[in-house]
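The structure appears below as structure tokens.
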Amino acid sequence: MIALDPRYAWLRRLLVFTTLLAIWEAAGRADLLNPLYAPNPSQIGSALVELFGDGRIWPHLEATFSAALGGLVLGILVGIALGVIAAMVPVIAELIEPVMTLLNAIPRVILAPLFVIWLGIGLASKVALAFILVAVLIFFTVFTGIRQVDRRLVERIITLGGDRRALVRHVYLPSVAAWVLGNLKIAVGFAFTGACVGEFVAASRGLGYLLSFAQSTYNAALMMALILLILVVVLIIFSLAGRLEKRLLRWN
Amino acid sequence: MSLVGPSGSGKSSLLRAVIGLQEPLGGMVEAGVARANIGILFQDDALLPWKSARENVALGLVFSGSERQRALDIADTWLERLGLTGFGDRYPRHLSGGQRKRVALAQVLAMRPKLILMDEPFASLDAIVRARIVKDVVALVEREKISVLLVTHDLEEALSLSDVVYLLSQGPRAHITKRYPVPIPRPRDPVRARTHPAFAPLYEKLWADLLREVGREHPAEAA
């Protein structure tokens, strides 16, 4: 077997990928594929160009971004707060934990129609959906994390003369930060899921709304262009989250 | 001084009671020094993974009211004394087991304790690393005139390091059954101490007594 040089892995992947695209395109042009289901890559490309060309994509991108990031930030803050409170006050844990377990067990996107009724078809219902997806995830991260904090570190701080404040600052806070950062990418994915599904259900703007529009007009090229776009957007945010994680967890 | 004894005789619990991590079930702990002057070294090094070596060492000093920069300077001095010059900015994850042990030692020593409690502190290290650290510890402890209460399973370690070895009986309700003064002079080289004429007879006696203690509960293991 030939040893593969790992440095050129991206090159090999690109090569295979473009070859597949070329075969796809050729098959399309030879009328082997029904463009209604599988539009040519060039058609998808021009749909993308069109979206950006006349600038009509921007308000949609903005809507999805606002919903996802709003839900993400709110979800992380509330998730941390609830997790910390539940871990410290047993009575609260007794009340919150079953609710969270339930919310964790169901596919939370089923709440989308409810949020539309409560909050309307505007931004708020999408933020709410992204929020509930993220908050439950972060709650469990923090709640179980605090309860499993390394006892040896706690004892070390105590024997070095540290008080409660020192414990919070030097053991609990960094631990919580590490767990939350470790789940940041998953949370980003959840936030965009929430935003897009929310727009899919009922909206007047957003990538999810465009997707459902593409579906209702049987526009497969637009649909695939949008999927591609969402993919790129999430990848960019993933790499930002990854960078943040690496920077803040450089001790790891 | 060392404590040896069968597993479950409460050696670790005793140390934890002395430092205040655990309430004694009855009676009182009298250490003869203030709580603030006691340091403890566990088997695992338990350094904060998100703090660099020097920050870890400085931690106790900051808790006792030192200004941060000053604490870091003192930390550097202790890291230097333990042979870790240039490793101060590394995180525990990027240090070897022996280096982490040295950082944990520096952390305790920087507090200038009068008494250090050690709970099998060297058990997880390989023989060579262990011998070198033990040697450095003995030198530092002798120079700084620090008392050490060492809990160990290793009788050789107990005898080569201590002035007195106490044997605890089999638990529950363990108590000190015997006291063995070790007449090897100080300053001591822990490796050479083993060739001192007093060492071998003491070792055999201690071993026999320990076996008898274990045998009381588990006849099979003593055979």
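Bear in mind that the values here come from a model prediction, so they are computed numbers and not experimental data. Every chain is numbered from 1, with letters handed out A, B, ... down the list of sequences.
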Answer yes or no: are there more than 12 heavy-atom neighbours, outside A:Y8 itself, under 6.0 Å from its atom OH?
no
Under 4.5 Å heavy-atom distance to chain A, tell me which part of B:L61 shows up: side chain, backbone, both or neither.
neither
Tell me the closest heavy-atom pair linking B:I40 and A:R156, and the distance in Å.
O-NH2, 2.6 Å
Do A:S175 and B:W50 make a side-chain contact, defined as non-hydrogen atoms from C-beta onward lying under 4.5 Å apart?
yes
CD1 (B:I128) with more than 12 external heavy atoms under 6.0 Å
no
For chain A, the option from B:Q107, B:R90, B:H94 that forms the most heavy-atom pairs under 4.5 Å:
B:Q107
Does a sphere of radius 6.0 Å around CZ in B:R81 hold more than 12 heavy atoms from other residues, nucleotides or ligands, not counting ones at 6.0 Å or beyond?
yes
Under the salt bridge (Lys or Arg N to Asp or Glu O under 4.0 Å) test, residues paired with A:D150 that sit two or more places apart
A:R152
For B:V108, which atoms come within 4.5 Å of any heavy atom of chain A: side chain, backbone, both, or neither?
side chain
Atom pair CZ/OH of A:R250 and B:Y91 - distance to nearest 0.5 Å:
3.5 Å
A:I157 versus B:L48: any side-chain heavy-atom pair under 4.5 Å?
yes
More than 12 heavy atoms of other residues, nucleotides or ligands under 6.0 Å from CZ of A:R12: is that the case?
yes
Heavy-atom nearest pair, B:L47 first then A:L153, reads O-CD2, 3.4 Å
Top residue by heavy-atom pair count (under 4.5 Å) with chain B, among A:G162, A:A166, A:A177?
A:G162
Please flag which part of A:R165 lies under 4.5 Å from any non-hydrogen atom of chain B: side chain, backbone, both or neither.
neither
Distance-minimising heavy-atom pair for B:M111 and A:L160:
CE-O, 3.8 Å
